[in-house]
Amino acid sequence: MKRVSKFIRILVAVCLLGIGANALEEGTDYQVLEKPLNAPKDSVVKVFSYECPHCYKFDKTVTPKLFSELDGVKFIPYHLKTKGKLGETASKIFAAMIALDEVSDVSLLSDKSKFKKAKFAIYKATHDKNDDFNDGKDKARFIQTALSAAGVSDADYDKALASERAQEILKAWNNSYDVAKIQGVPAYVVGGKYLINVKAIGSVDAMAAAVKELLAK
């Protein structure tokens, strides 16, 4: 009888541990998007804006650490063109750089990535140097800031931007606003379907665990 009671206690403890390991709560830790993004199941989309200081901080610290813990999970950036006076121009730059990186088979998280170089050049100018590019009127200098950092010529930029792939990316990014309006940016969407509540998760390790749990749904 004692053995049976001990077995039951152990079984209950194991069940409780199982519940604790699957602790994500819909509506608190994440929500299901009414309009899912057209993204692979094994992916995390990051919706961001060049003008968002939190996006900059997350890209310096959270994003690289998060994906170092997510083996085989694809990082897909979505830039929000509706934020910032040069938001649409930034989207064109980033889409063109991604198209070039894909042709060269370079990860967007790599320090060799033209997308990453262009993105951080714009981040640094905007947030570290407080450069507003003449209140958004100096579009040419904004573009050159990104292209110089990425080592891309005007001609190569124009060609990449006109490519079918860059235009496909820009079209997909039109859905960024529907995600951003829910809880702002940066926003992380797992499998195109689950929007993580970053504030509720609390840490990068917990966020990685949340992504893994949501990917398994």
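What you see is a predicted model, and the numbers here were worked out from it, not measured in a lab.
Heavy atoms of other residues, nucleotides or ligands lying less than 6.0 angstrom from CG of Asn38 number 12 at most. By the neighbour-count criterion of 12 heavy atoms within 6.0 Å, atom NZ of Lys60 is densely surrounded, having more than that number from other residues, nucleotides or ligands. The environment of Asp71 atom CG is sparse: at most 12 non-hydrogen atoms of other residues, nucleotides or ligands sit within 6.0 angstrom.
Put simply, the side chain of Met97 reaches to within 4.5 Å of the side chain of Val152, judged on heavy atoms. Residues Pro186 and Val198 are not in side-chain contact: their nearest non-hydrogen atoms beyond the backbone lie 4.5 Å or more apart. You'll find the side chain of Lys139 reaches within 4.5 Å of the side chain of Leu86, heavy atoms only. Between Tyr188 and Val45 the shortest side-chain heavy-atom distance does not fall below 4.5 Å.
Taking the centre of each ring, Tyr50 and Phe142 come in below the 6.0 Å mark.
Lys137 and Asp135 are joined by a salt bridge, as a carboxylate oxygen and a charged side-chain nitrogen come within less than 4.0 angstrom of each other. A salt bridge is defined here as a Lys NZ or Arg NE, NH1 or NH2 lying under 4.0 Å from an Asp or Glu carboxylate O, and Lys171 with Glu168 fails to meet this definition. Ion pair Asp42/Lys74 not flagged as a salt bridge, since none of the NZ, NE, NH1 or NH2 atoms sits closer than 4.0 Å to an Asp/Glu carboxylate oxygen. A salt bridge links Asp59 to Lys46: one of the charged nitrogens lies within less than 4.0 Å of a carboxylate oxygen.
A donor-acceptor pair under 3.5 Å links the side-chain atoms of Thr126 to the main chain of Ile122, judged by distance alone. When atom types are taken as modelled, the side chain of Gln167 and the backbone of Leu161 share a donor-acceptor pair closer than 3.5 angstrom. Listed for the Gln183 side chain is no donor-acceptor partner under 3.5 Å among the backbone atoms of Lys199. When atom types are taken as modelled, the side chain of Ser43 and the backbone of Ala39 share no donor-acceptor pair closer than 3.5 angstrom. Trp173 places a side-chain N or O within donor-acceptor distance of the main-chain N or O of Pro77, the cut-off being under 3.5 Å. The closest donor-acceptor contact from the side chain of Lys41 to the backbone of Leu215 lies under 3.5 Å. Of the possible donor and acceptor atoms, one in the side chain of Asp101 sits under 3.5 Å from a partner among the backbone N and O of Lys114. The closest donor-acceptor contact from the side chain of Asp131 to the backbone of Phe133 lies under 3.5 Å. The main-chain N or O of Val106 is never found under 3.5 Å from a side-chain atom of Ser104 such that the two would form a donor-acceptor pair.
Classification of the His127-Tyr123 ring pair by plane angle, with boundaries at 30° and 60°, yields tilted.
In this structure, Ala160 and Ala96 approach most closely via the heavy-atom pair CB-O, 3.7 Å. Closest non-hydrogen pair, Ser91 versus Leu170, comes out as O-CD2, 3.5 Å. Between Ser153 and Leu147 the shortest heavy-atom distance is O-CD1, 4.2 Å. Minimum heavy-atom separation, Lys117 to Ala150: CB-CA, 4.0 Å. Minimum interatomic distance between Ala90 and His79 (heavy atoms only, all atoms of both residues): CB-CE1, 3.6 Å. Between Arg141 and Asp138 the shortest heavy-atom distance is NE-OD2, 3.1 Å.
For the pair Lys119 and Phe48, the distance from NZ or CZ to the six-membered ring centre is under 6.0 Å and the angle to the ring normal is within 45 degrees.
Here Arg165 contributes atom CZ and Ile169 contributes atom CD1; the two are 4.0 Å apart, rounded to the nearest 0.5 Å. Separation of atoms CD1 (Ile76) and CG (Leu37) is listed at 9.0 Å; rounding is to 0.5 Å. For the atom pair Asn197 CG and Asp29 CG, the distance stands at 7.0 Å (nearest 0.5 Å). In this structure, the separation between CG on Asp154 and CD on Gln144 is 4.5 Å, given to the nearest 0.5 Å.
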Inset, instruction - Would you check, one step at a time, whether the test salt bridge (charged side-chain N to carboxylate O under 4.0 Å, His left out) holds for Lys65 with Glu69? - result: CA-CA 7 Å; Lys65 187 174 189 307; Glu69 298 183 27; 2.9 Å; yes

